[in-house]
*Asks:* 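Have a look at the structure that comes next, please.
Residue numbers begin at 1 in each chain, while the letters A, B, ... track the order of the sequences.
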Amino acid sequence: MPELPEVEIVRRGLERYVVGRTIASVRVLHPRAVRRHLAGPADFEAVTGGLTVTAARRRGKYLWLPVTPASRPGGTDQDDAILAHLGMSGQLLLADPGRPLTAHVRIVFAFTDGGPELRFTDQRTFGHLAYQPGGAVLPPLIAHIAPDPLEPAFDEPMVISRLLTRRVAVKTALLDQSLVSGIGNIYADEALWRARVHWAQPAARLSRSRAAGIFGAVRDVLRDALAAGGTSFDSLYVNVNGESGYFGRSLAAYGRAGQPCPRCGAPVVRDRFSNRSAYTCPRCQRRPRIRTTGADLRSHST
DNA sequence: CTCATGCCCTGCTGGC
DNA sequence: TGCCAGCAGGGCATGA
(Lines give C-alpha, C1' and ligand atoms only; values in the text may rest on other atoms or scores of the structure.)
Protein backbone atom coordinates (compact mmCIF):
# COMPACT_ATOMS: atom_id res chain seq x y z
CA MET A 1 0.00 0.00 0.00
CA PRO A 2 2.61 2.60 0.84
CA GLU A 3 4.14 3.79 -2.41
CA LEU A 4 6.50 6.69 -3.00
CA PRO A 5 4.26 9.52 -1.68
CA GLU A 6 3.31 7.65 1.47
CA VAL A 7 6.91 6.62 2.17
CA GLU A 8 8.06 10.19 1.58
CA ILE A 9 5.51 11.43 4.13
CA VAL A 10 6.94 8.96 6.63
CA ARG A 11 10.49 10.06 5.76
CA ARG A 12 9.60 13.68 6.49
CA GLY A 13 8.20 12.64 9.84
CA LEU A 14 11.41 10.81 10.69
CA GLU A 15 13.45 13.80 9.59
CA ARG A 16 11.48 16.04 11.90
CA TYR A 17 11.09 13.82 14.95
CA VAL A 18 13.93 11.29 14.93
CA VAL A 19 16.98 12.84 13.26
CA GLY A 20 19.45 14.12 15.83
CA ARG A 21 18.31 11.74 18.54
CA THR A 22 20.38 8.93 20.03
CA ILE A 23 19.01 5.40 20.25
CA ALA A 24 19.13 4.08 23.80
CA SER A 25 17.88 0.55 23.19
CA VAL A 26 16.10 -1.55 20.61
CA ARG A 27 13.72 -4.45 21.10
CA VAL A 28 12.81 -6.80 18.27
CA LEU A 29 9.44 -8.32 19.15
CA HIS A 30 9.01 -10.38 15.97
CA PRO A 31 12.02 -11.97 14.24
CA ARG A 32 10.43 -11.78 10.81
CA ALA A 33 10.67 -8.00 10.95
CA VAL A 34 14.48 -8.29 10.66
CA ARG A 35 14.62 -11.36 8.40
CA ARG A 36 16.97 -9.61 5.98
CA HIS A 37 19.31 -8.72 8.82
CA LEU A 38 21.17 -12.00 8.48
CA ALA A 39 22.94 -11.83 11.84
CA GLY A 40 19.56 -12.08 13.55
CA PRO A 41 17.35 -10.13 15.97
CA ALA A 42 19.79 -10.09 18.90
CA ASP A 43 22.53 -8.67 16.68
CA PHE A 44 20.16 -6.05 15.29
CA GLU A 45 19.37 -4.92 18.82
CA ALA A 46 23.05 -4.87 19.76
CA VAL A 47 24.43 -2.95 16.78
CA THR A 48 21.74 -0.25 16.73
CA GLY A 49 21.84 0.64 20.41
CA GLY A 50 23.83 3.80 21.21
CA LEU A 51 23.83 5.26 17.69
CA THR A 52 22.72 8.75 16.71
CA VAL A 53 20.43 9.20 13.71
CA THR A 54 21.91 11.81 11.38
CA ALA A 55 19.45 11.87 8.45
CA ALA A 56 16.36 10.29 6.89
CA ARG A 57 16.70 9.27 3.26
CA ARG A 58 14.54 7.56 0.67
CA ARG A 59 14.73 5.92 -2.74
CA GLY A 60 11.48 4.64 -4.19
CA LYS A 61 9.64 2.82 -1.43
CA TYR A 62 12.73 2.23 0.70
CA LEU A 63 13.88 4.55 3.44
CA TRP A 64 16.97 4.53 5.59
CA LEU A 65 18.41 6.31 8.57
CA PRO A 66 22.15 6.99 8.44
CA VAL A 67 23.57 6.56 11.93
CA THR A 68 26.80 7.49 13.63
CA PRO A 69 28.36 6.69 17.00
CA ALA A 70 27.01 9.14 19.56
CA SER A 71 30.59 10.16 20.32
CA ARG A 72 31.10 11.40 16.76
CA PRO A 73 28.15 13.61 15.85
CA GLY A 74 27.73 14.99 12.36
CA GLY A 75 27.99 11.90 10.23
CA THR A 76 29.94 10.96 7.10
CA ASP A 77 29.29 9.20 3.81
CA GLN A 78 30.98 6.10 5.26
CA ASP A 79 28.46 5.76 8.07
CA ASP A 80 26.14 2.81 8.51
CA ALA A 81 22.38 2.95 8.11
CA ILE A 82 19.16 1.37 9.31
CA LEU A 83 17.20 0.37 6.22
CA ALA A 84 13.41 0.04 6.23
CA HIS A 85 10.74 -1.14 3.82
CA LEU A 86 7.12 -0.81 4.91
CA GLY A 87 5.85 -3.64 2.71
CA MET A 88 2.07 -3.74 2.57
CA SER A 89 1.14 -2.60 6.02
CA GLY A 90 4.24 -1.29 7.78
CA GLN A 91 4.13 1.86 9.87
CA LEU A 92 6.77 3.83 11.76
CA LEU A 93 4.89 5.41 14.62
CA LEU A 94 5.92 7.75 17.40
CA ALA A 95 4.56 6.83 20.81
CA ASP A 96 5.30 7.99 24.32
CA PRO A 97 7.30 5.33 26.16
CA GLY A 98 4.56 4.85 28.76
CA ARG A 99 1.90 4.04 26.20
CA PRO A 100 0.99 0.35 26.01
CA LEU A 101 2.06 -1.45 22.85
CA THR A 102 -0.66 -1.63 20.24
CA ALA A 103 -1.24 -4.76 18.15
CA HIS A 104 1.40 -5.74 15.58
CA VAL A 105 4.29 -3.74 17.03
CA ARG A 106 7.39 -5.59 15.74
CA ILE A 107 10.35 -3.39 16.74
CA VAL A 108 10.67 -0.64 19.36
CA PHE A 109 13.39 2.03 19.35
CA ALA A 110 13.81 3.91 22.63
CA PHE A 111 15.88 7.11 22.76
CA THR A 112 18.27 8.52 25.33
CA ASP A 113 16.23 11.74 25.65
CA GLY A 114 13.33 9.76 27.07
CA GLY A 115 11.08 11.21 24.36
CA PRO A 116 8.72 9.38 22.04
CA GLU A 117 9.74 5.89 20.96
CA LEU A 118 9.75 4.82 17.33
CA ARG A 119 7.61 1.73 16.89
CA PHE A 120 7.73 -0.34 13.70
CA THR A 121 4.22 -1.72 13.44
CA ASP A 122 3.26 -4.15 10.69
CA GLN A 123 0.11 -6.23 10.49
CA ARG A 124 1.03 -8.40 7.52
CA THR A 125 4.78 -8.55 8.17
CA PHE A 126 5.79 -7.90 4.58
CA GLY A 127 7.88 -5.01 5.78
CA HIS A 128 11.33 -5.33 7.30
CA LEU A 129 14.30 -3.49 8.77
CA ALA A 130 17.99 -4.28 8.39
CA TYR A 131 21.27 -2.79 9.56
CA GLN A 132 23.50 -1.81 6.64
CA PRO A 133 27.20 -1.25 7.32
CA GLY A 134 28.47 1.52 5.08
CA GLY A 135 24.94 2.17 3.89
CA ALA A 136 24.59 5.88 4.65
CA VAL A 137 24.62 6.98 1.01
CA LEU A 138 23.05 3.85 -0.51
CA PRO A 139 22.40 0.68 1.51
CA PRO A 140 23.89 -2.40 -0.24
CA LEU A 141 20.58 -4.28 -0.08
CA ILE A 142 18.99 -1.75 -2.42
CA ALA A 143 21.86 -1.24 -4.85
CA HIS A 144 19.64 -2.75 -7.55
CA ILE A 145 16.74 -0.34 -6.92
CA ALA A 146 16.54 2.27 -9.68
CA PRO A 147 16.25 6.00 -8.97
CA ASP A 148 12.67 7.18 -8.53
CA PRO A 149 11.05 9.84 -10.76
CA LEU A 150 11.35 12.56 -8.11
CA GLU A 151 15.08 12.35 -7.47
CA PRO A 152 17.79 14.18 -9.46
CA ALA A 153 19.48 10.90 -10.45
CA PHE A 154 16.40 9.90 -12.45
CA ASP A 155 17.48 9.81 -16.09
CA GLU A 156 14.25 9.87 -18.03
CA PRO A 157 15.66 9.42 -21.57
CA MET A 158 17.64 6.41 -20.36
CA VAL A 159 14.65 4.91 -18.55
CA ILE A 160 12.45 5.39 -21.63
CA SER A 161 15.07 3.70 -23.80
CA ARG A 162 15.07 0.71 -21.50
CA LEU A 163 11.27 0.71 -21.26
CA LEU A 164 10.99 0.53 -25.04
CA THR A 165 12.96 -2.73 -25.09
CA ARG A 166 10.53 -4.48 -22.74
CA ARG A 167 7.97 -6.76 -24.30
CA VAL A 168 5.79 -6.93 -21.18
CA ALA A 169 2.70 -4.82 -20.52
CA VAL A 170 3.58 -1.21 -19.78
CA LYS A 171 2.12 -1.56 -16.28
CA THR A 172 4.43 -4.49 -15.55
CA ALA A 173 7.38 -2.32 -16.57
CA LEU A 174 6.22 0.61 -14.41
CA LEU A 175 6.07 -1.72 -11.41
CA ASP A 176 9.61 -3.03 -11.99
CA GLN A 177 11.63 -1.30 -9.27
CA SER A 178 14.89 -2.02 -11.07
CA LEU A 179 13.69 0.10 -14.01
CA VAL A 180 12.01 2.92 -12.08
CA SER A 181 11.25 2.82 -8.37
CA GLY A 182 8.48 4.12 -6.16
CA ILE A 183 5.50 3.19 -8.33
CA GLY A 184 3.05 0.59 -7.01
CA ASN A 185 -0.32 -0.66 -8.15
CA ILE A 186 -2.23 2.50 -7.21
CA TYR A 187 -0.06 5.11 -8.90
CA ALA A 188 0.63 2.91 -11.93
CA ASP A 189 -3.10 2.82 -12.63
CA GLU A 190 -3.54 6.51 -11.89
CA ALA A 191 -0.63 7.57 -14.11
CA LEU A 192 -1.79 5.38 -16.99
CA TRP A 193 -5.30 6.82 -16.64
CA ARG A 194 -3.89 10.36 -16.78
CA ALA A 195 -1.75 9.47 -19.81
CA ARG A 196 -4.71 7.64 -21.46
CA VAL A 197 -2.69 4.48 -21.97
CA HIS A 198 -4.08 1.00 -21.35
CA TRP A 199 -2.20 -1.13 -18.82
CA ALA A 200 -1.82 -4.04 -21.27
CA GLN A 201 -0.12 -1.94 -23.94
CA PRO A 202 3.18 -3.67 -24.71
CA ALA A 203 5.93 -1.32 -23.52
CA ALA A 204 8.00 -1.89 -26.64
CA ARG A 205 5.13 -0.73 -28.86
CA LEU A 206 4.88 2.69 -27.25
CA SER A 207 6.23 5.71 -29.09
CA ARG A 208 8.93 7.66 -27.32
CA SER A 209 6.63 10.66 -26.93
CA ARG A 210 3.86 8.48 -25.51
CA ALA A 211 6.34 7.03 -23.02
CA ALA A 212 7.40 10.55 -22.09
CA GLY A 213 3.73 11.35 -21.53
CA ILE A 214 3.45 8.44 -19.14
CA PHE A 215 6.41 9.59 -17.08
CA GLY A 216 5.04 13.11 -17.03
CA ALA A 217 1.82 11.68 -15.64
CA VAL A 218 3.75 9.59 -13.14
CA ARG A 219 5.51 12.67 -11.79
CA ASP A 220 2.28 14.67 -11.69
CA VAL A 221 0.33 12.04 -9.80
CA LEU A 222 3.15 11.41 -7.33
CA ARG A 223 3.43 15.13 -6.62
CA ASP A 224 -0.34 15.55 -6.28
CA ALA A 225 -0.52 12.62 -3.88
CA LEU A 226 2.38 13.99 -1.88
CA ALA A 227 0.65 17.36 -1.59
CA ALA A 228 -2.43 15.58 -0.24
CA GLY A 229 -0.45 13.68 2.37
CA GLY A 230 -0.65 10.36 0.50
CA THR A 231 -3.38 7.82 -0.08
CA SER A 232 -5.13 6.05 2.80
CA PHE A 233 -7.86 3.47 2.37
CA ASP A 234 -8.07 2.58 6.02
CA SER A 235 -5.93 2.88 9.12
CA LEU A 236 -3.10 0.87 7.53
CA TYR A 237 -1.26 3.75 5.98
CA VAL A 238 -0.59 6.70 8.29
CA ASN A 239 2.26 9.10 8.96
CA VAL A 240 4.50 8.92 12.03
CA ASN A 241 1.77 10.59 14.07
CA GLY A 242 -0.90 8.15 12.95
CA GLU A 243 -2.63 10.61 10.62
CA SER A 244 -4.15 9.63 7.26
CA GLY A 245 -3.60 11.33 3.91
CA TYR A 246 -6.55 12.28 1.75
CA PHE A 247 -5.45 11.55 -1.82
CA GLY A 248 -7.77 8.53 -1.80
CA ARG A 249 -10.67 10.81 -2.65
CA SER A 250 -8.77 12.04 -5.72
CA LEU A 251 -8.25 8.62 -7.28
CA ALA A 252 -9.70 8.50 -10.79
CA ALA A 253 -9.38 4.81 -11.62
CA TYR A 254 -7.82 2.70 -8.86
CA GLY A 255 -10.40 0.80 -6.83
CA ARG A 256 -13.30 2.42 -8.70
CA ALA A 257 -14.71 -0.51 -10.69
CA GLY A 258 -18.18 0.33 -11.97
CA GLN A 259 -17.94 4.00 -11.00
CA PRO A 260 -17.87 6.69 -13.69
CA CYS A 261 -14.59 7.83 -15.18
CA PRO A 262 -14.12 11.44 -13.97
CA ARG A 263 -13.17 12.44 -17.52
CA CYS A 264 -15.79 10.79 -19.72
CA GLY A 265 -18.29 9.08 -17.43
CA ALA A 266 -17.79 5.55 -18.73
CA PRO A 267 -17.78 2.94 -15.93
CA VAL A 268 -14.27 2.04 -14.78
CA VAL A 269 -13.31 -1.57 -15.54
CA ARG A 270 -11.31 -3.89 -13.31
CA ASP A 271 -9.08 -6.46 -15.04
CA ARG A 272 -7.12 -9.28 -13.52
CA PHE A 273 -3.44 -8.48 -13.84
CA SER A 274 -0.85 -11.02 -12.65
CA ASN A 275 -2.83 -12.03 -9.54
CA ARG A 276 -3.64 -8.39 -8.86
CA SER A 277 -5.97 -5.82 -10.35
CA ALA A 278 -5.72 -3.16 -13.01
CA TYR A 279 -8.33 -0.40 -13.28
CA THR A 280 -8.93 1.47 -16.52
CA CYS A 281 -11.48 3.61 -18.28
CA PRO A 282 -12.58 1.54 -21.28
CA ARG A 283 -13.23 4.67 -23.30
CA CYS A 284 -10.21 6.86 -22.45
CA GLN A 285 -7.69 4.00 -22.38
CA ARG A 286 -8.11 1.84 -25.46
CA ARG A 287 -7.05 -1.76 -25.06
CA PRO A 288 -4.26 -2.65 -27.52
CA ARG A 289 -5.24 -4.99 -30.33
CA ILE A 290 -2.08 -6.99 -29.96
CA ARG A 291 -1.61 -8.19 -26.45
CA THR A 292 1.58 -9.12 -24.71
CA THR A 293 2.80 -12.53 -23.62
CA GLY A 294 2.31 -14.79 -20.64
CA ALA A 295 0.11 -13.62 -17.79
CA ASP A 296 -1.06 -10.67 -19.80
CA LEU A 297 -2.33 -12.95 -22.56
CA ARG A 298 -4.36 -14.91 -20.07
CA SER A 299 -5.77 -11.87 -18.31
CA HIS A 300 -9.44 -11.19 -18.73
CA SER A 301 -12.10 -8.76 -17.62
CA THR A 302 -14.14 -9.58 -14.55
C1' DC B 1 19.39 -10.20 -19.31
C1' DT B 2 14.27 -10.89 -19.64
C1' DC B 3 10.20 -12.95 -18.18
C1' DA B 4 6.83 -15.83 -15.40
C1' DT B 5 5.54 -17.94 -11.17
C1' DG B 6 5.03 -18.93 -6.34
C1' DC B 7 5.55 -17.64 -1.80
C1' DC B 8 5.56 -14.82 2.32
C1' DC B 9 1.44 -12.87 5.85
C1' DT B 10 -2.98 -11.27 8.39
C1' DG B 11 -7.48 -9.32 8.46
C1' DC B 12 -11.52 -8.35 6.21
C1' DT B 13 -15.49 -9.57 3.22
C1' DG B 14 -18.85 -12.29 0.97
C1' DG B 15 -21.07 -16.60 -0.04
C1' DC B 16 -23.28 -20.60 1.70
C1' DT C 1 -23.68 -17.99 13.51
C1' DG C 2 -19.65 -20.17 11.63
C1' DC C 3 -16.64 -21.64 8.18
C1' DC C 4 -13.84 -21.06 4.21
C1' DA C 5 -12.35 -19.05 -0.15
C1' DG C 6 -10.85 -14.98 -2.07
C1' DC C 7 -8.59 -10.67 -1.96
C1' DA C 8 -5.31 -7.03 -0.74
C1' DG C 9 -0.14 -6.89 -2.73
C1' DG C 10 5.77 -5.62 -2.87
C1' DG C 11 9.76 -7.95 -3.39
C1' DC C 12 12.52 -11.74 -3.89
C1' DA C 13 14.03 -16.55 -5.15
C1' DT C 14 13.90 -19.65 -8.69
C1' DG C 15 13.73 -21.63 -13.16
C1' DA C 16 13.12 -21.32 -18.11
*Asks:* Scan His144(A) against the nucleic acid and name what it touches under 4.0 Å (heavy atoms): base, sugar-phosphate only, or nothing.
*Replies:*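 Counting heavy atoms under 4.0 Å across all strands, the contact made by His144(A) is with sugar-phosphate only.
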*Asks:* dA13(C) C1' sits how many Å from Arg36(A) CZ, rounded?
*Replies:*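 Between C1' of dA13(C) and CZ of Arg36(A): 11 Å.
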*Asks:* May I ask you to say what Arg35(A) touches in the nucleic acid, namely base, sugar-phosphate or nothing, with a heavy-atom cut-off under 4.0 Å?
*Replies:*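 Here Arg35(A) touches no strand at all.
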*Asks:* If you assign each of Arg276(A) and Arg166(A) to its closest nucleotide in DNA chain B, which residue comes earlier from the 5' end?
*Replies:*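 Taking each residue's closest nucleotide, the earlier one in sequence belongs to Arg166(A).
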*Asks:* Would you mind reading off the distance between Asp122(A) atom CG and dG11(B) atom P, rounded to a whole angstrom?
*Replies:*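 Interatomic distance, CG of Asp122(A) to P of dG11(B): 11 Å.
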*Asks:* What integer distance in Å separates Lys61(A):NZ from dG10(C):C1'?
*Replies:*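 The answer, rounded to whole Å, is 6 Å.
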*Asks:* Answer yes if the side chains of Thr52(A) and Thr68(A) hold a donor-acceptor pair under 3.5 Å, and no otherwise.
*Replies:*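 Per modelled atom types, Thr52(A) and Thr68(A) side chains form no pair under 3.5 Å.
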*Asks:* Please tell me if the side chains of Trp64(A) and Arg59(A) come closer than 4.5 Å, counting only heavy atoms from C-beta onward.
*Replies:*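 Yes, their side chains come closer than 4.5 Å.
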*Asks:* Take atom CZ of Arg106(A) and atom P of dC8(B), then tell me their distance rounded to the nearest Å.
*Replies:*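 Roughly 16 Å, once rounded to whole Å.
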*Asks:* On the 0 to 90° scale, with breaks at 30° and 60°, tag the Phe154(A)-Phe215(A) ring pair as parallel, tilted or perpendicular.
*Replies:*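 If you compare the ring of Phe154(A) with that of Phe215(A), the planes turn out tilted.
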*Asks:* Atom CZ of Phe126(A) and atom C1' of dC8(B): how far apart are they, to the nearest Å?
*Replies:*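 Computing the Phe126(A):CZ to dC8(B):C1' distance gives 5 Å.
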*Asks:* Looking at Ser89(A), does any N or O in its side chain come under 4.0 Å of the phosphate oxygens OP1/OP2 on dG11(B)?
*Replies:*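 For Ser89(A), the contact criterion (side-chain N or O under 4.0 Å from OP1 or OP2 of dG11(B)) is not met.
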*Asks:* Measure CG/Asp176(A) against P/dG11(C) and give the value in whole Å, please.
*Replies:*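 Computing the Asp176(A):CG to dG11(C):P distance gives 10 Å.
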*Asks:* Below 4.0 angstrom from OP1 or OP2 of dC12(C), is there any side-chain N or O of Tyr62(A)?
*Replies:*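 Yes.
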*Asks:* Would you mind pulling out the nucleotide paired to dT1(C), Watson-Crick or G-U wobble, both distances under 3.5 Å?
*Replies:*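 Matched dT1(C) with nothing under the 3.5 Å cut-off.
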*Asks:* Atom CZ of Arg99(A) and atom CZ of Arg119(A): how far apart are they, to the nearest 0.5 Å?
*Replies:*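 Here the interatomic distance stands at 7.0 Å.
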*Asks:* Is the distance from OP1 or OP2 of dC12(C) to the nearest side-chain N or O of His85(A) less than 4.0 Å?
*Replies:*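 For His85(A), the contact criterion (side-chain N or O under 4.0 Å from OP1 or OP2 of dC12(C)) is not met.
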*Asks:* Would you say a side-chain N or O of Arg272(A) is under 4.0 Å from OP1 or OP2 of dC7(C)?
*Replies:*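 Yes, such a contact exists.
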*Asks:* Give the rounded distance in Å between these two atoms: CZ of Arg32(A) and P of dG10(C).
*Replies:*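 After rounding, the gap between these two atoms is 15 Å.
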*Asks:* Side chain of Val168(A) only, heavy atoms from C-beta on: which candidate in dC3(B), dG11(B), dA8(C) is closest?
*Replies:*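 Between dC3(B), dG11(B), dA8(C), the one nearest the side chain of Val168(A) would be dC3(B).
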*Asks:* His37(A) has an atom NE2; how far is it from atom P of dC12(C), in whole Å?
*Replies:*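 Spelled out: NE2 on His37(A) to P on dC12(C) is 17 Å.
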*Asks:* Between Val34(A) and Tyr131(A), does the side-chain contact (heavy atoms from CB on, under 4.5 Å) criterion hold? Intermediate values first, please.
*Replies:* CA-CA 9 Å; Val34(A) 291; Tyr131(A) 191 74; over 6 Å; no
*Asks:* Check whether any side-chain N or O of Gln177(A) sits under 4.0 Å from OP1 or OP2 of dG11(C), and answer yes or no.
*Replies:*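 So the side chain of Gln177(A) is within the cut-off, an N or O lying under 4.0 Å from OP1 or OP2 of dG11(C).
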*Asks:* Consider the side chain of Ser277(A), meaning its heavy atoms from C-beta on, and name the nucleotide among dC9(B), dC3(B), dA8(C) that approaches it most closely.
*Replies:*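 The nucleotide sitting nearest to the side chain is dA8(C).
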*Asks:* Indicate whether any N or O donor in one side chain lies under 3.5 Å from an N or O acceptor in the other, for Tyr279(A) and Gln259(A).
*Replies:*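 On atom types as modelled, these side chains do not qualify, holding no pair under 3.5 Å.
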*Asks:* Under 4.0 Å between a side-chain N/O of Arg162(A) and OP1 or OP2 of dC1(B), yes or no?
*Replies:*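 No.
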*Asks:* Look at the side chain of Arg167(A) and decide which nucleotide, out of dC9(B), dG10(C), dC3(B), has an atom nearest to it.
*Replies:*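 So the nucleotide nearest the side chain must be dC3(B).
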